[in-house]
2 protein chains.
Amino acid sequence: MFELNSRDPRPIYEQIMEQLRKYLMTGVISENEKLPSVRELSQSLTINPNTIQRAYRELENQGYIYSIPGKGSFAASRADISDQRKAKILEEFETSSRELLFLGETAESLCKKIQSFEKDRKKM
Amino acid sequence: MFELNSRDPRPIYEQIMEQLRKYLMTGVISENEKLPSVRELSQSLTINPNTIQRAYRELENQGYIYSIPGKGSFAASRADISDQRKAKILEEFETSSRELLFLGETAESLCKKIQSFEKDRKKM
DNA sequence: TTAACTGTATTAAATGTGTTGATACAGTTA
DNA sequence: TAACTGTATCAACACATTTAATACAGTTAA
């Protein structure tokens with residue numbers, strides 16, 4: 001389910017966070033679904049449990065997952081994702097949009113891309 | 001002109017890169033305009049010249065600026081920005097757009113934002 | 001030509017972050 | 001009770017970032 005890319009310069013815990021977000025968005029993981037345990041995932045990826053723990057802790061802070069001691073970690077509902085996290089994504093959206101416009105992309109071409117992203121979502 | 005934010009967790013050289021890109025996009029710095037020299041900027045920011053040098057080196061690799069030994073560093077034209085850099089920005093745009101759609105934003109609301117960004121540009 | 005600028009390169013040391021490893025404690029479940 | 005869960009802590013190591021001190025070469029103006 002989870003995979004690591006040794007060429008990726010980002011920290012391992014960030015790679016895991018990104019993959020889990022992606023699985024949530026694409027429906028590979030559903031709301032309230034149980035995630036692999038810290039130890040289980042650390043064994044299957046051959047990395048230290050502390051690294052998984054860090055990824056899970058930050059994902060919980062951002063509202064993507066919730067953990068119950070003794071039971072496990074679970075995917076949260078998208079309504080639980082923190083406003084702080086949403087604000088950060090909006091900022092990335094604004095920054096990249098403005099730079100693409102600066103580079104010559106038109107508003108129309110960017111809007112078309114967004115509409116095609118939306119179509120991808122509806123296929124699920 | 002340039003400022004550092006000690007609360008910003010990003011490396012200093014990245015903060016400088018982001019500010020220069022922003023100044024280029026907003027027209028604060030024009031094409032072929034001379035930038036502060038490595039030593040000058042390092043003194044005004046009270047940081048090591050090597051850190052400025054690194055920011056300038058990477059900005060040059062991405063095509064945002066060009067340097068002439070003995071003369072100085074200058075803002076490049078937007079046409080010189082590397083395709084690799086453009087591809088990276090497009091990727092950030094796609095990632096943030098898809099996640100915002102997942103979080104409930106509509107394609108229409110995102111397109112409206114882009115159109116307002118475009119209006120901001122035309123005011124310059 | 002000299003002096004004072006420019007960019008660039010190199011090496012070493014200090015610091016912070018990411019990661020590992022080992023260990024421990026408490027709650028849950030069969 | 002045994003085997004799971006999450007969580008916490010500490011020490012050690014690797015690596016990236018930053019500083020510091022120099023050095024060299026091209027440009028420019030006095």
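A note on names: the letters A, B, ... follow the listed sequences, proteins ahead of strands, and every chain is numbered from 1. Just so it is clear, the model here is predicted, and its values are computed rather than measured.
Closest approach to the Asn50(A) side chain among dG7(C), dA8(D), dT19(C) is made by dA8(D) (side chain taken as heavy atoms from C-beta onward). Among the nucleotides dA9(C), dT7(D), dT17(D), the one closest to any side-chain atom of Val38(A) is dT7(D). Between dA8(D), dT29(C), dT28(D), one nucleotide has an atom nearer to the side chain of Lys71(A) than all others, and that is dT29(C). Listed nucleotides dG7(C), dA24(C), dA8(D) differ in distance to Ser67(B); the shortest reach to its side chain belongs to dG7(C). In this structure, of dT5(D), dT27(D), dT18(D), it is dT18(D) that holds the atom nearest to the side chain of Ile12(B). Here the side chain of Ile47(B) is nearest to one of dT19(D), dG7(C), dT20(C), namely dT19(D).
The CD-C1' distance, from Gln43(A) to dA3(D), rounds to 13 Å in whole Å. One interatomic measurement links the two molecules: CZ of Phe74(B) to P of dT27(D), which rounds to 12 Å at whole-angstrom precision. Atom CD of Glu58(A) is separated from atom P of dA8(D) by 13 Å (rounded to the nearest Å). If you measure from atom CD of Gln15(A) to atom P of dT19(C), you get 8 Å, rounded to the nearest angstrom. Rounded to an integer number of Å, the gap from Tyr13(B) OH to dT15(C) C1' is 16 Å. Rounded to a whole Å, the CG atom of Asn48(A) is 16 Å from the P atom of dT9(D). One atom, CG of Leu45(B), and another, P of dT19(D), lie 10 Å apart when rounded to the nearest Å.
Residue-to-nucleotide proximity on DNA chain C shows that, of Glu40(B) and Gln53(B), the 5′-proximal contact is made by Glu40(B). Ranked by how close their nearest DNA chain D nucleotide is to the 5' end, Arg39(B) and Arg54(B) are led by Arg54(B).
Taking the side chain as every heavy atom from C-beta outward, Gln62(B) and Arg21(B) approach each other to under 4.5 Å.
For Phe2(A) and Tyr23(A), the gap between ring centers is short of 6.0 Å.
Residue Glu14(A) is classed as having no contact, given no heavy-atom separation below 4.0 Å to the nucleic acid.
Pairing for dT28(C) is with dA3(D), a Watson-Crick or G-U wobble pair whose two hydrogen-bonding atom distances lie under 3.5 Å.
Remark: Lys112(B) NZ is loosely packed, at most 12 non-hydrogen atoms of other residues, nucleotides or ligands lying under 6.0 Å away.
Of all the heavy atoms in Arg78(B) and Leu103(A), the pair that sits closest is O-CD2, 4.1 Å.
Salt bridge Arg85(B)/Glu99(A): present, at least one basic N to carboxylate O contact under 4.0 Å.
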